[in-house]
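One structure follows; several queries about it will come next.
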Protein chains: 2
Amino acid sequence: MVSSPSDARRQEIIQAVWVLIAGGGIERVTFRRVADQAGVSVGRVQHHFGTRDALVLAACETMIDLAHDRYQDLPEAPEERLRHILLHAIPDSDRARFGASVWHAYLSKSAADEEIAGLLAEAKRGTEEEIARLLEDAGGRGDKLLADGSLRAARTLLAIADGLTVRVLIGDLSGAEARGLLLAELRRVRGSTDQGNSP
Amino acid sequence: MVSSPSDARRQEIIQAVWVLIAGGGIERVTFRRVADQAGVSVGRVQHHFGTRDALVLAACETMIDLAHDRYQDLPEAPEERLRHILLHAIPDSDRARFGASVWHAYLSKSAADEEIAGLLAEAKRGTEEEIARLLEDAGGRGDKLLADGSLRAARTLLAIADGLTVRVLIGDLSGAEARGLLLAELRRVRGSTDQGNSP
DNA sequence: ACCCTAGCAATACGTTCGTATCGAATCGAT
DNA sequence: ATCGATTCGATACGAACGTATTGCTAGGGT
């Protein structure tokens, strides 16, 4: 994972990249500023990542891996995992806001960078599938959410979470409001009886 | 509104800004490149906007105003307006993808720029209120959506639209899939009985 | 003892950047 | 006809940029 001395150095640098992105977008990321933020020399940054683009891309990959690792470290209870996977992107702490800012910076870049778009797409799809799985496992109504329905429900819930995250990021919704609405929607999806889409 | 010769020049320049942003993010926006894209001199760009930040901000304001104008020009039928306001952000044509890219570029910048965040927040809130109004006006079920409920429903629908737009932008959902799901959710919210999508 | 390589730090180079400035048109009001 | 303001085009300047290059050092295999 992240064990060799070299990897530790890379990690320090990548953290500095995140700080810069959260503070002012990807355009803030330059070798000199990253080195400054990390408290290392420009040469070190350049040695480990070669080009600016490679640095930005590596920081994106690491962000996704880290989110994945954090999710894996959660308790196994589907109930709890479901809450986490849906709510974790909605900023209500500085830490969460930080993550959401960085994520959206990459999201914006993905419009012009296919490689980053691919990374984000893979991550999103994985999240969606995991939500669907959790909905089935933790199903409040075992009979309600079958294969097809659970994927649709997962897609809807994830979209709501992403959409609300945007609202919180630009500051016209509080984190608490967004979480409240999202949890209500989760309850609706898992308990209501409509949704009948199989003959 | 946009009639004086000077305004026309400004508009040409702003269009060039949009093209650059859609093609590679806000970091692509420089006086020289904008001038090049618009086919005018650097001096002209500088004269009309002064600084780079002012140029970027003006292009943001104009984007929001344009979207608003386009909405106002729609037929008055609430049914149609509702569909447009929810679907227009989901890219399924090159034109729509263009708009979504630019919007998300500004969204990303808003994490670090309060002025832009304010503009986007105001626009989003206005959209939400308009959706709530349309839900009441066009209500398939008059009894279902009252004041409180319609705002909640509007917030949810708008979040779904925004979340799905993200998925389409990064390329792991097609515009058609996203539109299909969103329309299904709209149907559910408005009446939940007619749902008729089982083959 | 030898050398090879990874891991830097320092610096240099050419480019591009934002912006200031300068001068020439053009134009509207007088 | 005159004159101040607007609207530029052209150019210049210092800062910051990405990256190539150079040289040093510490360790590991032989």
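We use all heavy atoms of the structure for the numbers below, so side chains are in, but hydrogens, waters and symmetry mates are not. We name chains A, B, ... by the order of the sequence lines, and we start the count at 1 in each one.
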- request: List the protein contact pattern of nucleotides 10-21 of chain D with one symbol per nucleotide (5' to 3'): B for base contact, S for sugar-phosphate-only contact, - for none; contact means a heavy-atom distance under 4.0 Å.
  value: --B----BBBB-
task: Sorted by first residue and then second, give each salt bridge (Lys or Arg N to Asp or Glu O under 4.0 Å) pair with at least one member in residues 47-58 of chain B; sequence neighbours left out.
output: Glu27(A)-Arg52(B)
query: Taking atom CG of Leu182(B) and atom CZ of Arg187(B), what is their separation to the nearest 0.5 Å?
result: 10.0 Å
- prompt: Is Arg188(A) paired with Glu185(A) through a side-chain N to carboxylate O contact shorter than 4.0 Å?
  reply: yes
query: Among the clusters formed by ILVMFWY side chains lying less than 4.5 Å apart, do Ile64(A) and Leu86(A) turn up in the same one?
result: no
- request: Supply the atom-to-atom distance Leu186(A) CG to Leu157(A) CG, rounded to the nearest 0.5 angstrom.
  value: 6.0 Å
- prompt: In whole angstroms, how far is the C1' atom of dT19(C) from the NE2 atom of His47(B)?
  reply: 15 Å
- prompt: Is the shortest side-chain N/O distance from His48(A) to OP1 or OP2 of dG7(C) below 4.0 Å?
  reply: no
message: Enumerate the side-chain hydrogen bond (donor to acceptor under 3.5 Å, both in side chains) contacts for residues 101-121 of chain B, please, sequence neighbours excluded, ordered by first and then second residue.
response: none
Donor-acceptor list for residues 158-169 of chain A side chains, cut-off 3.5 Å, not counting sequence neighbours:
from: Asp162(A); atom 1: OD1; to: Lys124(A); atom 2: NZ; distance (Å): 3.0
from: Asp162(A); atom 1: OD2; to: Lys124(A); atom 2: NZ; distance (Å): 3.2
from: Thr165(A); atom 1: OG1; to: Ala161(A); atom 2: O; distance (Å): 2.8
from: Arg167(A); atom 1: NE; to: Asp172(A); atom 2: OD1; distance (Å): 3.3
from: Arg167(A); atom 1: NE; to: Asp172(A); atom 2: OD2; distance (Å): 3.2
from: Arg167(A); atom 1: NH1; to: Glu128(B); atom 2: OE1; distance (Å): 2.7
from: Arg167(A); atom 1: NH2; to: Asp172(A); atom 2: OD2; distance (Å): 3.1
from: Arg167(A); atom 1: NH2; to: Glu128(B); atom 2: OE1; distance (Å): 2.9

Indicate every side-chain donor-acceptor pair of residues 74-82 of chain A with a distance under 3.5 Å to a residue at least two apart or in another chain.
from: Glu79(A); atom 1: OE1; to: Arg190(A); atom 2: NH1; distance (Å): 3.3
from: Glu79(A); atom 1: OE1; to: Arg190(A); atom 2: NH2; distance (Å): 3.3
from: Glu79(A); atom 1: OE2; to: Arg190(A); atom 2: NH1; distance (Å): 3.2
from: Arg81(A); atom 1: NE; to: Pro75(A); atom 2: O; distance (Å): 2.9
from: Arg81(A); atom 1: NH2; to: Gln72(A); atom 2: O; distance (Å): 3.4
from: Arg81(A); atom 1: NH2; to: Leu74(A); atom 2: O; distance (Å): 3.1

- prompt: Between Arg44(A) (CZ) and dT11(C) (C1'), how many Å, whole number?
  reply: 18 Å
task: Give me the residues of residues 20-27 of chain B where at least one heavy atom lies under 4.0 Å from an atom of DNA chain D, by number, or none.
output: none
query: Rounded to whole angstroms, how far apart are CG on Asp7(B) and P on dT6(D)?
result: 15 Å
